[in-house]
There are 2 protein chains.
Amino acid sequence: MSRWEPNARGRLEQAALDLYQERGFEQTMVTEIAERAGLTERTFFRYFADKREVLFGGQDMLRTLFVSAIEAAPASTTPLDAVIAALEAATPVFQERYERVRQRQAVIAANPELQEREMLKRAALTSAIADALRRRGVSDLAAILAAEVGSITFKIAFDRWVSEPDEQDLSRLIRASLDQLKGIVAGT
Amino acid sequence: MSRWEPNARGRLEQAALDLYQERGFEQTMVTEIAERAGLTERTFFRYFADKREVLFGGQDMLRTLFVSAIEAAPASTTPLDAVIAALEAATPVFQERYERVRQRQAVIAANPELQEREMLKRAALTSAIADALRRRGVSDLAAILAAEVGSITFKIAFDRWVSEPDEQDLSRLIRASLDQLKGIVAGT
DNA sequence: TATAGTGATGTCAGCAACCGACATCACTGT
DNA sequence: ACAGTGATGTCGGTTGCTGACATCACTATA
């Protein structure tokens, strides 16, 4: 038998998510999270830079997923199409964790500090997407714009997907949002 | 002679901006800001909810400016055009404070915590714009999309305006970004 | 097999952000 | 005069977060 229970990080994440949902983010103290995970506060801060970060673990995975999807797109693909393809490639990650994702979004929606952090994370992903586009030879401005437009499209589709229990297909919502956006920009 | 120097809020804002620039955001303590403004830490927290908020004062003014510009647009104006008109209506606010705005952006660019807050503020403005559009009868989804597209357009134009000392005309950059965005979305 | 790491965790002390409660006292209106 | 008001100060406490050091099962290597 090993010295410690395995998966300390995962236990902290689960404990934090549950406690944030039960009592709210501000009302739960880091000590409580650590205690529920069978660890100490100090150990929590070894795994996570701050109290919010514990909800934002999958970041690196998403980034590599997006970036490699963009790299995999045929050279002839339009910047925006490459971005949309990358977003669609990521949808299974969310669909497979439906309940967990919902719970997480409910917690974030209830707290502005967490919304701040989420926006920073989304901006980082958007920036990584723009970098990937630039590596394909897309101009600076076009890369940023395509990445930002894709980011919004995803955000809006994702929000709808989370708030509508009937809707199963995130990809479909992405395409629907994109169509609407094209209409808006074209001046319909 | 009155009991206290006037404009405590303004003094705190100026002291904070200067100190954040001189030593960096994390390295300056709230007590120091208050001291430079001739006040105490407790008073700082009566004016500003936290250490970051002191950099984000003009929010209400900008919101009413945007919202009334949208309300003033002719009923026949397209949602996106109304948003762009509102953004252009706000450009003088920035152009008149060029140096101050630059200083502020440099401070924010140097610190992720401040970037988080700025994103939250921008999201709040975007949301207010979407509300104003809805009040004109624009559908929910279209309102959000038009507001978000406008918000990105402004952000990109603003970033360029701040980083290029030669460029004077923010409106011109907004129109240029919008044109590029239209090209991207149309699939050029 | 003895011994010297190694790495994940615990302990402790401390700083700085933030907040509630109460005190102060120039100014204001009656 | 005098009670009230509002901006500020004082004080004490909680919580997020960090550096420094201790512990001790496990591992590699002589």
Side-chain angles (χ1 to χ4, degrees), chain A residues 1-57 107-108 110-118 120-121, chain B residues 1-57 107-108 110-118 120-121:
Chain A
M1 164 187 146
S2 71
R3 187 170 184 191
W4 297 288
E5 293 302 309
N7 195 25
R9 176 179 220 99
R11 270 151 50 215
L12 287 167
E13 286 173 350
Q14 186 66 55
L17 183 55
D18 291 342
L19 282 169
Y20 291 170
Q21 186 188 37
E22 289 167 20
R23 340 186 156 172
F25 175 76
E26 290 186 17
Q27 283 66 45
T28 100
M29 280 157 289
V30 176
T31 307
E32 298 174 305
I33 299 169
E35 195 175 354
R36 181 173 291 203
L39 295 163
T40 63
E41 184 187 4
R42 193 66 184 84
T43 297
F44 177 95
F45 284 112
R46 287 204 179 90
Y47 282 99
F48 306 102
D50 60 50
K51 196 185 165 187
R52 292 172 246 173
E53 199 66 18
V54 67
L55 291 181
F56 299 89
V107 167
I108 292 173
N111 191 285
E113 287 183 60
L114 293 172
Q115 292 162 38
E116 283 186 342
R117 180 57 49 84
E118 191 182 37
L120 191 68
K121 295 299 183 179
Chain B
M1 165 188 144
S2 69
R3 187 171 184 190
W4 296 287
E5 293 301 310
N7 195 25
R9 175 180 220 98
R11 270 151 50 215
L12 287 167
E13 286 172 351
Q14 186 67 54
L17 182 56
D18 291 343
L19 282 169
Y20 291 169
Q21 185 188 37
E22 288 168 21
R23 338 186 159 172
F25 175 77
E26 291 185 18
Q27 284 65 43
T28 101
M29 280 157 288
V30 175
T31 306
E32 298 175 304
I33 300 169
E35 195 175 355
R36 182 174 292 204
L39 295 163
T40 63
E41 185 188 4
R42 194 65 185 83
T43 296
F44 177 95
F45 285 111
R46 286 204 180 89
Y47 282 99
F48 306 103
D50 60 51
K51 196 184 167 189
R52 293 172 245 173
E53 198 66 19
V54 67
L55 291 181
F56 300 89
V107 167
I108 293 174
N111 192 284
E113 288 183 59
L114 293 172
Q115 292 162 36
E116 283 186 342
R117 180 56 51 84
E118 191 182 36
L120 191 68
K121 295 298 184 178

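- Regarding contacts with the backbone of dA8(C), every side-chain N or O of Tyr47(A) stays at 4.0 angstrom or more from both OP1 and OP2.
- Set against dG16(D), dC18(C), dG10(C), the side chain of Asp50(B) has dC18(C) as its closest nucleotide.
- Rounded to a whole Å, the CH2 atom of Trp4(B) is 9 Å from the P atom of dC27(C).
- Separating the CD atom in Glu22(A) from the CZ atom in Arg36(A) is a distance of 4.5 Å, to the nearest 0.5 Å.
- A salt bridge links Glu53(A) with Lys121(A): at least one charged nitrogen is closer than 4.0 Å to a carboxylate oxygen.
- At a threshold of 4.5 Å between non-hydrogen side-chain atoms, the residues Arg117(A) and Leu55(A) do not count as touching.
- The distance between atom CD of Glu113(A) and atom C1' of dG16(D), rounded to the nearest whole Å, is 11 Å.
- At whole-Å resolution of the value, CD in Glu26(A) and P in dG20(C) are 11 Å apart.
- Residue Gln27(B) contributes atom CD, which lies 17 Å from atom P of dC15(C) at whole-angstrom precision.
- Protein atom CZ of Phe44(B) is 8 Å distant from nucleotide atom P of dC18(C), rounded to whole Å.
- In this structure, the CZ atom of Phe48(B) is 14 Å from the P atom of dC19(C), given to the nearest Å.
- Between the side chain of Arg46(A) and the base of dG7(C), no donor-acceptor pair under 3.5 Å is found.
- On a pure distance criterion of 3.5 Å, a polar donor-acceptor pair joins the side chain of Arg3(A) and the base of dC24(D).
- Using a 4.0 Å cut-off between charged nitrogen and carboxylate oxygen, Glu116(A) and Arg52(A) count as a salt-bridge pair.
- Panel note: side chain Arg11(B), backbone Glu5(B); a donor-acceptor pair is recorded below 3.5 Å.
- A straight line from CZ of Phe45(B) to C1' of dG12(D) spans 16 Å, rounded to a whole angstrom.
- Listed pair Thr40(B) / dG9(D) meets the phosphate criterion, a side-chain N or O lying under 4.0 Å from OP1 or OP2.
- Here the P atom of nucleotide dC18(C) and the NZ atom of Lys51(B) are 8 Å apart, to the nearest Å.
- In this model, the phosphate group of dA25(D) is not approached by any side-chain N or O of Ser2(A) to a distance below 4.0 Å at OP1 or OP2.
- Residue-to-nucleotide proximity on DNA chain D shows that, of Arg52(A) and Ala8(B), the 5′-proximal contact is made by Ala8(B).
- Place Glu41(B) and Arg42(A) on DNA chain D by their nearest nucleotides, and Glu41(B) ends up nearer the 5' end.
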